[in-house]
Amino acid sequence: MTLRLLDTLSGEVRPLEPFNPPDVTIYSCGPTVYGPAHVGNFRSFLFADILVRYLRYRGYRVRWAMNITDIDDKIIKGAAAAGQPIEGLTERWTRQFLIDAAALRMTTPDVLPRATAHIPQIVELIERLLERGHAYRTPDGSIFFRISSWPAYGRLARLDVAGLRVGERVESDEYEKDDVRDFALWKGPKPGEPAWQTSIGPGRPGWHIECSAMSMAHLGPSLDIHTGGVDLVFPHHEDELAQSEAATGQPFVGTWLHCAHLQMGGAKMAKSTGNVARVAELLDAGVPARALRLALISVHYRASLSYGEDSIRAAAAAIDRLDALSAALRAYGEDRPDDPTLLDALARTREGFEAGLDDDLNVSAALAALFDGVRELNRRIDARALSRADAGRALALLADIDTVLGIGLAPSDALDPDLAAMVEARAAARAARDWAESDRLRDTLAERGIAIEDTRDGQRWRRLSEVTGG
RNA sequence: GGCGACGUACCCAAGUGGUAAAGGGGGAGGUCUGCAAAACCUCUAUUCAGCGGUUCGAAUCCGCUCGUCGCCUCCA
């Protein structure tokens with residue numbers, strides 16, 4: 001089986017066919033750093049993360065680039081409003097983005113290109129578009145892409161270009177264009193705005209050009225997969241596609257992938273409407289990071305997902321179930337021969353997991369296979385049917401699956417010394433049949449997030465992922 | 001106004017023509033346990049928004065109606 005993905009441009013589900021297997025290049029539209037990214041942004045970043053992780057699990061050599069947009073209208077306004085330099089603002093929120101991403105166990109992209117560090121590549125691309133007649137200058141020093149020069153324009157978003165609605169925005173547009181639908185490649189200098197002195201004149205890049213320039217700079221003229229939120233289909237990706245192919249004459253992207261929106265309170269989560277929940281704030285409020293990650297990845301990326309306390313609670317409970325299994329496997333001490341049926345059971349779990357992900361990253365289906373496996377393993381533990389080596393095999397499968405999910409299955413982290421001492425004391429109290437003391441210690445540990453369980457394999461502990469806020 | 005997605009149990013959700021409608025959460029009962037927790041077992045949708053149609057057969061295909069959401073403008 002190979003991974004099949006729904007490509008936005010063709011509208012078809014197709015097997016992934018990288019330009020240069022086993023290399024796969026992936027470009028993801030990342031954050032615009034004028035403020036903190038919200039969990040809706042992270043849904044789309046984590047969907048790309050799952051894609052990258054799964055391709056690596058499948059043996060592909062993935063090169064993943066995620067851009068950091070550090071120059072645009074909102075950043076300029078934001079910096080002016082805060083009375084601070086642009087670099088101060090963008091650096092602060094870039095740092096926060098990386099902190100949030102790490103908290104959510106997002107794979108660090110191989111490259112995190114920033115727009116302001118790619119002005120020469122942007123300028124070069126615009127020059128090529130000017131040479132080829134796809135772009136034109138306006139008196140204020142701006143440069144626009146001429147949509148009428150590119151017949152395929154509108155294909156990605158399935159928009160009839162002639163029918164594009166011309167909104168009120170047009171009259172307030174401060175730039176002169178030949179056609180209202182043309183988009184800016186380069187914005188001429190304006191008082192109070194940063195400008196770069198370049199061979200195409202002073203100014204700053206438009207919004208879409210940076211992604212074309214940076215993806216080509218880091219991944220080549222043709223990349224295998226390009227991801228982003230559905231809201232980027234138009235105009236951002238439509239424009240990227242047009243300007244890139246117009247400049248190079250080569251196919252820009254093999255597969256376009258778009259992630260549906262995160263909903264909150266019945267509407268799309270968006271910075272512009274203020275309907276947002278931020279990662280750092282949620283974590284501070286007591287939402288477990290692992291549960292947040294699971295909640296954000298467990299629904300198919302093309303289905304809209306509602307964020308709320310219920311989904312966090314359900315995710316936290318699911319993680320507890322997984323943790324309980326790995327704790328039981330680690331503690332398992334029955335000395336008996338290998339279970340002859342185990343390998344089949346593990347293989348079924350793995351195959352089901354892979355089959356789900358192969359089907360356009362159907363994480364829900366993959367998780368269902370995982371949880372079927374969890375029940376199978378728990379049954380065998382209860383029946384004392386496994387050998388110790390079997391328990392190790394099962395743990396190895398969980399760890400393997402977790403290279404894709406990244407939710408921290410089969411954790412084996414050590415306890416703080418004082419907690420470890422309490423755990424030991426509790427075991428001793430119980431061995432002495434001092435129920436009052438053993439119960440007291442168990443309660444105390446529970447308050448500190450450690451669950452103590454007495455089993456046929458003796459006392460064992462695991463961390464609880466209790467939701468305390470959100 | 002144009003384009004599109006979706007509507008499956010208390011909640012989330014898989015399933016896109018074929019004998020019992022995955023999985024997670026929650027709830028009820030049981031087993032085990034010093035007590036508990038975890039785990040396991042049983043139960044929790046004769047039914048897939050509604051209506052009509054196609055078919056031997058539909059949650060799955062077609063039409064209409066209702067509802068929710070998105071894109072067309074900054075946006076992950």
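In the text below, chain A, chain B and the rest are named by the order of the sequence lines, each starting its count at 1. From a predicted model like this one, the values you see are computed outputs, not experimental measurements.
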Assess the residue pair S28(A) and W64(A) against the criterion (side-chain hydrogen bond (donor to acceptor under 3.5 Å, both in side chains)); give the C-alpha distance rounded to whole Å, side-chain angles, the decisive distance to 0.1 Å, and a yes or no. CA-CA 8 Å; S28(A) 299; W64(A) 185 26; 2.8 Å; yes
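Residue contacts shown for S272(A) include a base, since a base heavy atom lies under 4.0 Å away. Counting non-hydrogen atoms under 4.0 angstrom, G30(A) reaches the backbone sugars and phosphates but no base. At a threshold of 4.0 angstrom between heavy atoms, the contacts of K271(A) are confined to the sugar-phosphate backbone, with no base atom among them. Residue-level contact check: G40(A) touches the bases, meaning some heavy atom is under 4.0 Å from a base atom. Within 4.0 Å (heavy atoms only), L325(A) reaches no atom of the nucleic acid at all. Nucleic acid contact class of D72(A) (heavy atoms, under 4.0 Å, all strands): none.
Positionally, the nearest nucleotide of RNA chain B for A315(A) lies more toward the 5' end than for the other of R426(A) and A315(A). A residue-by-residue look at R158(A) and A368(A) shows that R158(A) has its nearest nucleotide of RNA chain B further toward the 5' end.
Dashed line: the shortest gap from a side-chain N or O of K77(A) to OP1 or OP2 of C74(B) is not under 4.0 Å. The shortest distance between the side-chain N/O atoms of R321(A) and the OP1/OP2 oxygens of C40(B) is below 4.0 Å. Of the side-chain N and O atoms in N362(A), none sit less than 4.0 angstrom from OP1 or OP2 of A13(B).
In this structure, K187(A) fails the cation-pi test against F144(A), since its NZ or CZ atom is not both closer than 6.0 Å to the six-membered ring centre and inside 45 degrees of the ring normal.
Comparing A39(B), A14(B), G25(B) against the side chain of D382(A) picks out A39(B) as the nearest. The side chain of E453(A) lies closest to A38(B) when the candidates are U73(B), A38(B), C71(B). Among the nucleotides C72(B), G70(B), A13(B), the one closest to any side-chain atom of F234(A) is C72(B). Which of G26(B), G34(B), A13(B) sits closest to the side chain of A317(A) comes down to G26(B).
A distance of 10.0 Å separates CD1 of I143(A) from CG of D140(A), quoted to the nearest 0.5 Å. The CD1 atom of I297(A) lies 13.5 Å from the CE atom of M106(A); values are rounded to the nearest 0.5 Å.
In the interface, the side chain of D231(A) is not paired with the base of C74(B) through any donor and acceptor atom under 3.5 Å apart.
More than 12 heavy atoms of other residues, nucleotides or ligands sit less than 6.0 Å from atom CZ of R302(A).
In the region residues 372-380 of chain A, proximity to RNA chain B at under 4.0 angstrom, judged on heavy atoms, holds for D372(A), R375(A), N378(A), R379(A). Near RNA chain B, meaning a heavy atom under 4.0 Å away, the residues from residues 435-450 of chain A are W435(A), S438(A), D439(A), R442(A).
Checked against the 6.0 Å centroid criterion, the rings of F97(A) and F42(A) qualify as a close aromatic pair.
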